[in-house]
Amino acid sequence: MKIYNTLTRKKEEFIPLESGKVKMYVCGPTVYNFIHIGNARPMVVFDTVRRYFEYKGYEVNYVSNFTDVDDKIIKKAVEEGVESSVISKRYIEECKKDMKALNVKSATKHPLATEEIDGMLEMIKNLIEKDFAYAKEDGTVYFRTRKFKEYGKLSHKNLDDLQTGHRQIQVSGKEDKDDELDFVLWKPKKEGEPFWESPWCEGRPGWHIECSVMAKKYLGDEIDIHAGGEDLIFPHHENEIAQSEAANGKLFARYWMHNAFLNIDNVKMSKSAGNFFTVREISERYDLQVIRFFMLSAHYRSPLNFSASLVEASKNGLDRIITAYKNIEYLLENLDGTKTEMTEQERKIWDKTQEYVQKFEQAMEDDFNTADAISAIFELVKYSNTNISSENSKEYLEALKERFIQLSDILGITLKKEKESLEQEVEALIEERQQARKAKNFQRADEIRNQLQQMGILLEDTREGVKWKRI
């Protein structure tokens, strides 16, 4: 299995620190609002990486944090006149709902920054003792960037270039630091901000120290894979490396994985451009399983362009897979019961499907090329469609059905929703639609009707109430 390592800028054979185990840390969102579809891409991508490792028999310790103390959270709390914890708790729960809707598995651990302050204080003390950090009179603690000789090895930036070209990105905190490239580990509180006691002042941690401490606590001093969006390479991940390796005296992460940006109609997503979409907003227009499939239709290191036409193409592609699966289900449900075991001819046809599994695995083991893995599933779809009939045995059809489920599950695609779960979801949406109509919010009522239609559900407004049926 080969992984493109941002650190070395080349594909490398994956060799875990401990045989059969993977220690993986993925930077999570700052929780001050609903997550946007740009946040969703790394969630989907690295969830799929995890799923493939598990498919191959690895035990994956997957840690992904929530940054629940930050300037943006505090700003929103001030606007609403509430404690910052109210904001962070609200949007952690909303984020988990969106992750579930995208079929992103819960992490082994979802640590919160505010619950790991003691570990941050301990690491900062360690860095000060080793002279990698220093405290100023106002209580601000800075990391000595130049003292860490390998600074810039991940982003491949030169310190002298950083001093000029990247100064605005790097500088944070007050301007009394010893060197303008030094970055904040701890900062004094401002009026109305949440704070914690420390040996230096009442304050709160800098952003970068949080992930270093959480990775160390839940995975160890050295980990296999650290991942996130490419926007985190500098300064966040670069600073994590400096802190962690200076404090622990070990290589922090063996492999660094970064997904490329997601654009909207070939334009970078931003609120000012008016093309900023949350996952919740997108879910009103599309089934999120389609969005997940769309995100996996391109290699994770390639920029991904979000447009209605491309999403529609992904929906059609996913429908091909689901239809092939349903055809097998239909034949199974209508068997006459006399043919139970595979015939010799069926066995030969079945054995050939292993070729598509091998193509799927080859794609995934070449730096998790999900686009080519999906192509292998399409080949399986075509082969299946031409090699099934009402004459097939139960054993053959069930084996073929499980093959579809197995490969789709690695991609996080659910081919068949549980009947009870689907009914509960439909009834809940119908009730929400009824409430919207009572409130004369006809736009929302129409959106729900369209959403249900995309799920294959047709509504009928009758005198007896709303009835629904599958299309």
Side-chain angles (χ1 to χ4, degrees), residues 7 17 23-28 61 63-70 109 111-155 159 170-174 176-189 194-226 228 232 234-254 256:
L7 190 67
L17 286 161
K23 297 177 181 180
M24 188 170 179
Y25 187 91
V26 180
C27 287
N61 187 352
V63 178
S64 185
N65 71 301
F66 287 115
T67 296
D68 62 339
V69 57
D70 177 87
K109 177 68 179 180
L112 308 183
T114 56
E115 294 178 356
E116 308 297 340
I117 300 297
D118 288 346
M120 296 177 207
L121 296 175
E122 185 178 338
M123 183 173 281
I124 294 170
K125 289 176 189 175
N126 182 353
L127 291 168
I128 290 174
E129 288 171 5
K130 292 182 175 181
D131 199 35
F132 276 102
Y134 58 93
K136 304 301 287 188
E137 288 185 9
D138 69 347
T140 306
V141 181
Y142 294 99
F143 183 88
R144 296 186 192 278
T145 301
R146 291 186 188 276
K147 187 174 175 63
F148 185 72
K149 299 304 181 185
E150 292 186 282
Y151 193 86
K153 65 179 179 178
L154 180 69
S155 57
L159 275 175
Q170 180 70 3
V171 172
S172 58
K174 297 184 181 300
D176 63 347
K177 58 181 74 172
D178 292 356
D179 188 301
E180 62 187 358
L181 293 180
D182 296 345
F183 59 87
V184 171
L185 299 175
W186 189 266
K187 51 190 173 184
K189 68 176 181 181
F195 66 88
W196 290 264
E197 298 289 341
S198 82
W200 316 288
C201 68
E202 293 179 337
R204 58 188 175 94
W207 175 34
H208 315 299
I209 195 71
E210 298 172 5
C211 288
S212 284
V213 167
M214 289 185 275
K216 175 183 174 72
K217 179 175 178 179
Y218 295 103
L219 296 172
D221 291 351
E222 189 173 358
I223 68 177
D224 292 299
I225 298 171
H226 197 311
L232 298 180
F234 183 86
H236 184 52
H237 288 166
E238 194 72 72
N239 290 352
E240 276 191 70
I241 289 174
Q243 296 162 159
S244 296
E245 295 187 7
N248 303 327
K250 294 182 179 180
L251 183 72
F252 179 33
R254 285 192 172 191
W256 288 84

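Just so you know, these numbers use all the heavy atoms, side chains as well, and skip hydrogens, waters and symmetry mates. Fair warning: this is a prediction, and the values are worked out from it, not measured in the lab.
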Counting distance only, does the side-chain N/O of [X] pair as donor-acceptor with the main-chain N or O of [Y] below 3.5 Å?
X	Y	answer
Ser212	Glu240	yes
Arg144	Asp131	yes
Asp182	Thr145	yes
Asp68	Ala113	yes
Gln243	His208	yes

State, to 0.1 Å, how close [X] and [Y] come at their nearest heavy-atom pair, and which atoms those are.
X	Y	result
Ser64	Cys27	OG-C, 4.3 Å
Leu127	Ala247	CD2-N, 3.7 Å
Val141	Ala133	CG1-CB, 4.2 Å
Tyr25	Cys211	OH-SG, 3.3 Å

Go through the structure and list residues passing side chain to side chain contact (heavy atoms under 4.5 Å, CB included) with [X], not counting sequence neighbours.
X	value
Asn248	Met123, Lys216, Asp221, Ser244
Glu115	Leu112
Asp70	Thr30, Thr67, Lys72, Ile73
Ser198	Leu121, Trp186, Trp200

As an exercise, state the distance from [atom1] of [X] to [atom2] of [Y], rounded to the nearest 0.5 Å.
X	Y	atom1	atom2	answer
Ile124	Glu129	CD1	CD	12.5 Å
His226	His237	NE2	NE2	4.5 Å
Leu219	Leu17	CG	CG	10.5 Å
Phe143	Tyr151	CZ	OH	8.5 Å
Lys23	Ile223	NZ	CD1	9.0 Å
Leu154	Ile241	CG	CD1	4.0 Å

Partners meeting ring-ring contact (aromatic ring centres under 6.0 Å, His included) with [X] (sequence neighbours left out):
X	answer
Phe66	His110
Tyr134	Tyr142
Trp196	none

Side chain to side chain donor-acceptor pair (under 3.5 Å) partners for [X], two or more places apart:
X	value
Asp118	none
Glu210	none
Glu122	none

Please examine the side chains of [Y] and [X], heavy atoms only from C-beta on, and report whether any two atoms are closer than 4.5 Å.
X	Y	answer
Ile117	Pro205	yes
Phe234	Leu232	no
Lys217	Pro111	no
Asn61	Val63	yes
Arg204	Lys189	no

>> Evaluate Met120 against Leu185 for side chain to side chain contact (heavy atoms under 4.5 Å, CB included), listing each step before the verdict.
In response: CA-CA 9 Å; Met120 296 177 207; Leu185 299 175; over 6 Å; no
> Under 3.5 Å, is there a donor-acceptor pair linking the side chains of Tyr218 and Glu116?
Replying inline: yes
>> Quick check on Lys130: does its NZ atom have over 12 non-hydrogen neighbours (other residues, nucleotides or ligands) under 6.0 Å away?
In response: yes
> If you look only at pairs with a residue in residues 146-155, which of them pass as a salt bridge (Lys or Arg N to Asp or Glu O under 4.0 Å), with sequence neighbours excluded?
Replying inline: Arg146-Asp179, Glu150-Lys153, Lys153-Glu245
> Who are the salt bridge (Lys or Arg N to Asp or Glu O under 4.0 Å) partners of Arg254, not counting sequence neighbours?
Replying inline: Glu222
